[in-house]
Amino acid sequence: MHVDVAPQIGQIAFVLRGKDEGGYAVVIGIVDERFVLIADGDKKRFDRPKKKNIAHLELQSVINTEVVNSMNETGRVTNAKLRYAIQKFVQAKGE
């Protein structure tokens with residue numbers, strides 16, 4: 001399923017291609033209309049995000065407000081908060 005909507009900061013994404021394939025990450029930056037920066041707080045830390053082609057991501061309908069608020073307030077988010085956002089999402093999905 002491909003959704004043609006612009007990705008947003010704090011949005012959860014399922015990785016379809018690459019080393020992190022099959023995992024979840026959080027969008028922490030928008031590069032342009034084709035690329036975003038993602039991090040999962042674990043292998044991909046906030047300070048070393050992965051530049052990812054949007055076509056290789058399945059954007060989820062969930063946008064984590066804690067991540068959004070943190071990015072708006074300080075311009076950054078802790079790795080723990082990223083891990084928590086993903087963990088909360090996966091639990092809610094029931095995987």
Side-chain angles (χ1 to χ4, degrees):
M1 184 186 89
H2 184 71
V3 186
D4 280 327
V5 290
Q8 296 177 35
I9 303 285
Q11 192 164 15
I12 308 283
F14 182 71
V15 183
L16 301 170
R17 298 269 184 287
K19 267 200 315 232
D20 307 315
E21 187 177 323
Y24 288 99
V26 182
V27 176
I28 59 165
I30 314 289
V31 179
D32 55 31
E33 68 276 349
R34 282 190 52 222
F35 290 96
V36 294
L37 297 176
I38 59 168
D40 62 9
D42 185 22
K43 293 190 295 282
K44 294 276 170 265
R45 301 276 194 188
F46 176 81
D47 47 2
R48 300 279 319 247
K50 174 91 178 111
K51 183 179 172 187
K52 202 80 176 146
N53 187 325
I54 295 169
H56 296 166
L57 296 173
E58 188 178 277
L59 295 169
Q60 307 297 308
S61 58
V62 175
I63 293 170
N64 187 284
T65 49
E66 288 174 46
V67 173
V68 175
N69 293 341
S70 182
M71 290 292 284
N72 288 342
E73 285 166 25
T74 63
R76 58 179 295 122
V77 62
T78 63
N79 291 308
K81 203 169 274 184
L82 291 172
R83 287 193 301 272
Y84 178 71
I86 293 167
Q87 179 191 356
K88 206 165 79 170
F89 170 75
V90 171
Q91 282 173 344
K93 257 187 88 168
E95 285 188 353

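Just so you know, these numbers come straight off a predicted model, no measurement behind them.
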(request) Using the ring pair (Phe, Tyr, Trp, His ring centres under 6.0 Å) rule, collect all pairs that involve residues 39-85, keeping only residues at least two apart or in two chains. (result) none

(request) Give a yes or no on whether the backbone of Gln60 and the side-chain of Gln11 come within a donor-acceptor separation of less than 3.5 Å. (result) yes

Below 3.5 Å, can you tabulate the donor-acceptor pairs from side chains in residues 29-43 to any protein atom, sequence neighbours excluded?
unit_1	atom_1	unit_2	atom_2	d
Asp32	OD1	Arg34	N	2.8
Asp32	OD1	Phe35	N	2.8
Asp40	OD1	Asp42	N	2.7
Asp40	OD1	Lys43	N	3.1
Asp40	OD1	Lys44	N	2.9

(request) Check for a donor-acceptor pair, side chain of Asn64 on one end and backbone N or O of Val67 on the other, with a separation under 3.5 Å. (result) yes

(message) Using a 3.5 Å distance criterion without hydrogens, assess whether the side chain of Ser70 forms a donor-acceptor pair with backbone atoms of Glu66.
(response) no

(message) Check for me, please, whether Ile54 and Ile63 land in the same ILVMFWY cluster - side-chain distances under 4.5 Å, paths through other members count.
(response) no

(request) Any chance you could lay out the side chain to side chain contact (heavy atoms under 4.5 Å, CB included) test for Val26 and Ile12, step after step, and finish with the verdict? (result) CA-CA 5 Å; Val26 182; Ile12 308 283; 4.0 Å; yes

(request) Identify the heavy atoms of Ala55 and Leu16 that sit nearest to each other, and give their distance. (result) O-CD1, 4.2 Å

(message) As an exercise, state the distance from CZ of Phe14 to NZ of Lys93, rounded to the nearest 0.5 Å.
(response) 7.0 Å

(request) State the NZ-CG distance between Lys52 and Leu57, to the nearest 0.5 angstrom. (result) 6.5 Å

(message) Rounded to the nearest 0.5 Å, what separates atom CG in Asn72 from atom CD1 in Ile9?
(response) 8.5 Å

(message) If hydrophobic clusters are built by linking Ile, Leu, Val, Met, Phe, Trp and Tyr wherever their side-chain heavy atoms come under 4.5 Å apart, do Val68 and Met71 end up in the same one?
(response) no

(request) Hey, could you give me the CZ/CD1 distance between Arg76 and Ile28, rounded to the nearest 0.5 Å? (result) 9.0 Å

